[in-house]
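Heads up, the thing below is written out as structure tokens.
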Amino acid sequence: MSRSDVSGDDENALECTECLDPADAFALVGNETRLAILEALWAADDGPVSFSELRREVGMRDSAQFNYHLQKLTGHFVIQRSDGYAFKHAGEKVVRSVIAGSFNEHPSLEPFPVEGTCFACEGPLQAVYEDERLSIECPDCGHGHGEYAFPPGGLNDRTREEIADAFDQRVRHLHCLAADGVCPECSGRMGTHVVETDEDCCLGAAVRVDHECVQCGHTLCSAAGLRLLDHSAVVSFHRERGISLDERPYWTLPWCVSDEHTEVRERDPYRLAVCIPLAGDELRVTMNGDLDVLETRVERGD
Ligand SMILES: [Zn+2]
Ligand SMILES: [Zn+2]
């Protein structure tokens, strides 16, 4: 793949002149020997792997045939350096996808109870795993408390409690990236929009925030409060009242999963307020439509 037109002021700074068609890319790795080469590179310790070592690992006697397959990968998935062969990002992604299990595992996991209660009816919550997505749901009233893709590889070697914990971390990090404008799938530019309708939303929230990637179309939705989980004023407001936010799953915090704590103060441009009650006091956080925090204020109760 050759890239050109790298310039600072060009709107599209990196233009790909000989990009591979996706179907051709899949065809290139749709071969056992080539996958074995990528897996051998993965298994090798850091640094490039020589031709002969790679061939030995893959276990192919015919040097010419091995070279044919290796050359097919070279350029797009693998790069040839003076001291051997190494991954390009796309090659590493292929192996990671195989490891994540998306292509070859169909695990089933019965719904299991998780910490916390439903923000709407205070019933118990459960984690449901379906179609490689994990969601936190209330079986009593049906309210969702967030869902996200969770590759089957994430279920390996984990107890149910650890799966729930890993899911919590994953949701926090992916939403954090998205709110910072970086697509968690492709690193493309992500836009943030305030949406006022409860259609197409896993939370059933009438006021929510959608992040959408302009490059690959990946979308995430959340309550506006989810953005605040690592904001310093929000963290210290909780810490001063005995709660460590990084030890609480996000779904146990109603302002992260429901719109009840979100007020639309102004439209065009948007101005939102998230009100977080705790121990008789209330923290009011004002944000703009991009979820930048404009102001925080603690109202003390009597
Ligand atoms: Zn409920
Ligand atoms: Zn994307």
Side-chain angles (χ1 to χ4, degrees), residues 1 3 11-16 19-23 25-26 88-94 96-97 100 102 111-130 132-151 164 167-168 170-193 195 198 200-223 225-227 248-262 277 290-291:
M1 185 167 7
R3 291 177 175 136
E11 174 126 319
N12 195 358
L14 192 68
E15 214 161 276
C16 182
C19 272
L20 200 57
D21 182 71
F26 279 109
K88 292 190 78 166
H89 183 70
E92 205 170 333
K93 276 287 231 193
V94 169
R96 278 188 200 280
S97 309
S102 307
F112 62 93
V114 293
E115 187 183 337
T117 54
C118 173
F119 65 80
C121 76
E122 299 194 350
L125 293 175
Q126 63 180 20
V128 177
Y129 193 66
E130 235 171 53
E132 306 193 348
R133 295 176 74 81
L134 202 146
S135 58
I136 306 293
E137 295 174 7
C138 172
D140 291 349
C141 77
H143 255 101
H145 292 62
E147 70 163 83
Y148 206 85
F150 194 78
F167 177 70
D168 176 42
R170 186 169 158 81
V171 168
R172 286 166 177 250
H173 285 99
L174 297 180
H175 279 267
C176 190
L177 261 181
D180 284 338
V182 180
C183 173
E185 288 295 321
C186 79
S187 294
R189 193 185 295 275
M190 263 193 140
T192 296
H193 311 278
V195 177
D198 58 4
D200 308 321
C201 175
C202 57
L203 299 168
V207 182
R208 67 172 198 266
V209 175
D210 277 5
H211 306 288
E212 181 165 9
C213 175
V214 298
Q215 185 164 270
C216 76
H218 182 61
T219 56
L220 298 87
C221 69
S222 70
L226 192 66
R227 173 58 169 156
R248 287 279 302 263
Y250 78 85
W251 61 81
T252 66
L253 302 159
W255 45 275
C256 287
V257 284
S258 120
D259 58 6
E260 242 171 74
H261 300 263
T262 308
D290 290 327
L291 303 190

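Start at 1 and go down the list; that is how both ligands and their atoms are numbered. For this chain, numbers begin at 1 and follow the sequence in order.
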W251 side chain to E115 backbone, donor-acceptor under 3.5 Å: yes
Drop me the distance from E185's CD to L174's CG, to the nearest 0.5 angstrom. 8.0 Å
Angle subtended at the Zn ion (ligand 2) by C213 SG and C216 SG, to the nearest 10 degrees, is 110°
Looking from the Zn ion (ligand 2), what is the angle between SG on C183 and SG on C186, to the nearest 10°? 110°
Provide the closest heavy-atom pair for M190 versus P184 in the form atom of the first, atom of the second, distance. SD-CD, 3.8 Å
For a distance under 2.8 Å, tell me if C141 has an N/O/S atom near the Zn ion (ligand 1). yes
Angle subtended at the Zn ion (ligand 1) by SG of C118 and SG of C121, to 10 degrees? 110°
Positive for side chain to side chain contact (heavy atoms under 4.5 Å, CB included) with H145, one of P254, P249, C138, S135: C138
